[in-house]
Amino acid sequence: MKIISTPIELKEYFKNSNKTLGFVPTMGALHEGHITLIKEARKANEIVVVSIFVNPTQFLKGEDLDKYPRKDDADKKICELSGVDVLFLPEAASIYSDDEVSILAPKVRGFVLEGFSRPGHFNGVLTVVMKLLNIVNPTRAYFGKKDAQQLNLISLMVKQFFMSVEVIGVDTVRENDGLALSSRNIYLTVKERQEALKISASLQCAAKMLTQKIVNSQVIIQKMREHLAPLEIFYVEILNRDFEIIKEVELANSIILVEVKVGKTRLIDNIWL
Ligand code: PAF
C-alpha cells in the first residue's frame with residue numbers, strides 16, 4: 001500500500017492511469033462500516049484509494065474537533081489488510097489556505113435536520129468532498145447511507161456541478177444488538193451504549209408499523225419519540241429520497257431519520273424504505 005500525503009503527489013501518482021478508481025473518503029477511526037465501503041470499492045474498481053482527513057471546516061465552534069478519535073496506526077493496518085492501494089493522508093495546510101473560494105450547502109436541504117442543529121456543517125463537508133474528489137479524480141466514490149443527509153447533499157453537488165464521479169451509497173453496518181457503527185460510539189459509557197439501543201429500536205418499531213400498514217408519518221414519529229424517551233431528541237423525520245417531508249411513508253422512496261444526544265454524544269441513524 002502506497003501512502004501519499006500531498007495533493008500534488010497524489011495527482012502525479014495517477015497522472016497516466018486509465019484504471020477505474022474507487023474512492024472512500026474518511027475521517028479515520030476506521031470501523032467495520034468503513035471496511036464495508038472499502039470492500040464495495042474493491043469489488044467494482046481496479047484501484048482503491050482511501051483518504052483519512054479530519055476536516056476542520058465541518059466542525060462548528062465548541063464541537064469535538066480536537067477530541068475526534070485519531071487512530072493512525074490502526075487505520076493504516078486496516079487499510080492494508082482491506083487491500084487498499086493508496087492511502088491519502090493530507091495535512092490541513094495542503095488542503096486549505098487562508099483565503100478560500102467557498103462551496104455552500106443549499107439553503108434548504110443543507111440547513112434542516114443535522115444542518116439545523118449544526119449550521120454550516122455541510123458547507124465544510126461539501127467543500128472538502130469537492131476538494132478530495134478533484135484531487136483523487138475517482139470513477140466512483142463511496143459514502144455510508146447512515147449519513148443520509150450528507151450522501152444526499154454530495155449527490156446533489158455532483159449533479160449540480162456536472163461532475164463525472166458516480167456517488168455510491170452503502171448500507172449501514174450494525175452491531176449484533178442493532179447499534180449503527182460510528183466512530184463516535186467510543187465516546188459512550190457502558191450505560192450510554194445501552195441507552196443508545198433505543199435508536200435502532202425506534203427505527204425497528206417504525207418498520208414494524210409499516211408491516212401493519214400504518215403509513216401516517218406523524219403517527220409513526222410519535223411512536224418513535226415514545227421509544228426514544230428520555231433521550232434528548234434533535235429530530236425524528238420521515239422524508240422522501242429528495243429530502244422533502246412527506247405525510248405518508250412511500251415504500252421504496254422514503255427515509256426515516258433520527259438524531260439524538262446520548263450523554264454528550266450526538267448519534268444519527270436511519271432506515272431507507
Ligand atoms: O463522513 C465522513 O467521514 C466525512 O464527513 C467525509 C465525507 C469524509 C468528509 O470529511
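All ligand and atom numbering here is 1-based and tracks the order in the structure.
- Residues Asp177 and Arg193 are paired through a salt bridge, judged by an N-O separation under 4.0 Å between the basic side chain and the carboxylate.
- The aromatic ring centres of Tyr235 and Phe116 sit 6.0 Å or more apart.
- The side chain to side chain contact (heavy atoms under 4.5 Å, CB included) test with Phe88 is passed by exactly one of Thr6, Leu132, Val50, Ile3: Leu132.
- Interface atoms of ligand 1 facing Val128, defined by a heavy-atom separation under 4.0 Å, are 9 (C), 10 (O).
- With a 4.0 Å heavy-atom cut-off, ligand 1 is reached by no atom of Leu132.
- The contact set between ligand 1 and Gln150, taken as ligand atoms under 4.0 Å from a residue heavy atom, comprises 1 (O), 2 (C), 4 (C), 5 (O), 7 (C).
- Each of the atoms 4 (C), 5 (O), 9 (C), 10 (O) of ligand 1 lies under 4.0 Å from some heavy atom of Gln58.
- Within the 3.5 Å criterion, the main-chain N or O of Ala29 finds a donor-acceptor partner in the side chain of Asp75.
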